[in-house]
Amino acid sequence: MTAPFEPVPTLEAPFWRLYRDFFDLAERNRRWSIADDVPWGRCNPQLDPAIAHVVESFCAVELYLPDYTSKILPVVRPSKGRTWFYANWGYEESKHSLALADWLLRSGQRSDGQMADLERSVFAREWNLPQDSHLGMLVYATVQELATAVSYRNLRRRCAEHGGDPALERLLALVAVDEQAHYDFFRRCLGLYLAHDREGTLEQLRRVMNAFTMPAIHDLLGESRQRVARIRELSIFDEDTYYREVYLPVLAFLGVDRSEMRNRMPHKKSAPPAA
Ligand SMILES: [Fe+2]
Ligand SMILES: [Fe+2]
């Protein structure tokens, strides 16, 4: 169980400001339409099927949305900035899931029956919060969003290298920009906590970031070894990517030195998905 959240009164106004800035910027610059902004007529039927396997895996992660929102909202309920953020976040994540599923169908890479099977296998398992404190969840969300943005960016690059698909590439670019915006909101919230309670926040950074793993969704999808190997060959995200493109940039943004990240106590392991 994730411990109940006790808001810090002095942080509530800054959280709300962050949310309004996030929302206003999204309304002004970032809104996009699945129907109008993706060139659906330009799906490539010859695209390497390994790319579609990865899209299906990401789609499965995004499909956990009802668990993500229903479990995090009660934890952050006392904070207006954080609850309103999650309401908007849920809308954006739902769009990601719809867009990826639309591409799998419209490209002919998956049938309606296969998509129904995917949804069934996702909902057969329940996702639970991987951290036992709201601050641990904030660190987890920060890292997960940046890792997701990097993964979508790399998938777009691999797509271009493996035959290209203008519809998928456009869609992945739009989704990656959203993930980057989510990351930006969470990292700024973390910055506020760090300024308020450096030692307590550092403890959560160590616990979560030193043990972070990307979602183990291959098992969930019942993928064959051969298929998992094909996906790995694409090098979308690995430990080295995590260190260089997630771990170090998060620390740099927060002004945390690597020496402050040395573990002083046994840490808990991070677990599966969050979009
Ligand atoms: Fe997403
Ligand atoms: Fe996201």
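Order of listing sets the numbers, starting from 1, for every ligand and every atom in it.
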A.B. asks: Measure up the F23 and Y19 rings against each other and bin them: parallel (under 30°), tilted (30 to 60°), perpendicular (over 60°).
C.D. replies: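 F23 vs Y19 ring planes: tilted.
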A.B. asks: So, of the N/O/S atoms that H182 has, which is the nearest one to the Fe ion (ligand 2)?
C.D. replies: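 Closest to the Fe ion (ligand 2) among those atoms: ND1.
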A.B. asks: If you consider just the N/O/S atoms, which atom of E179 is the closest one to the Fe ion (ligand 2)?
C.D. replies: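 Result: OE1.
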A.B. asks: With the Fe ion (ligand 2) as the point of reference, which N/O/S atom of E145 is the closest?
C.D. replies: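 For E145, the N, O or S atom at the smallest distance from the Fe ion (ligand 2) is OE1.
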A.B. asks: Quick one: does any side-chain atom of R158 pair with a main-chain N or O of S235 as donor and acceptor, under 3.5 Å?
C.D. replies: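 Yes; at least one donor-acceptor contact below 3.5 Å.
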A.B. asks: Could you pull out the atom name of the N/O/S atom in E93 that is nearest the Fe ion (ligand 2)?
C.D. replies: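 Atom name of the closest N, O or S in E93: OE2.
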A.B. asks: Quick one: salt bridge (charged side-chain N to carboxylate O under 4.0 Å, His left out) partners of K80, sequence neighbours excluded?
C.D. replies: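 Expected list: none.
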A.B. asks: Looking at H96, pick out the N, O or S atom nearest to the Fe ion (ligand 1) and give its name.
C.D. replies: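 It is ND1, the N, O or S atom of H96 closest to the Fe ion (ligand 1).
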A.B. asks: What is the name of the N/O/S atom in E62 that sits closest to the Fe ion (ligand 1)?
C.D. replies: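 Atom name of the closest N, O or S in E62: OE2.
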A.B. asks: Taking only residues at least two apart or on different chains, which pairs with a member in residues 98-114 satisfy salt bridge (charged side-chain N to carboxylate O under 4.0 Å, His left out)?
C.D. replies: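 As it turns out, the salt bridge (charged side-chain N to carboxylate O under 4.0 Å, His left out) pairs with a partner in residues 98-114, which skip direct neighbours, are E56-R110.
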A.B. asks: Kindly state whether the ring of Y140 and the ring of F186 have centres lying under 6.0 angstrom apart.
C.D. replies: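 Judged by ring-centre distance (under 6.0 Å), Y140 and F186 do not meet the cut-off.
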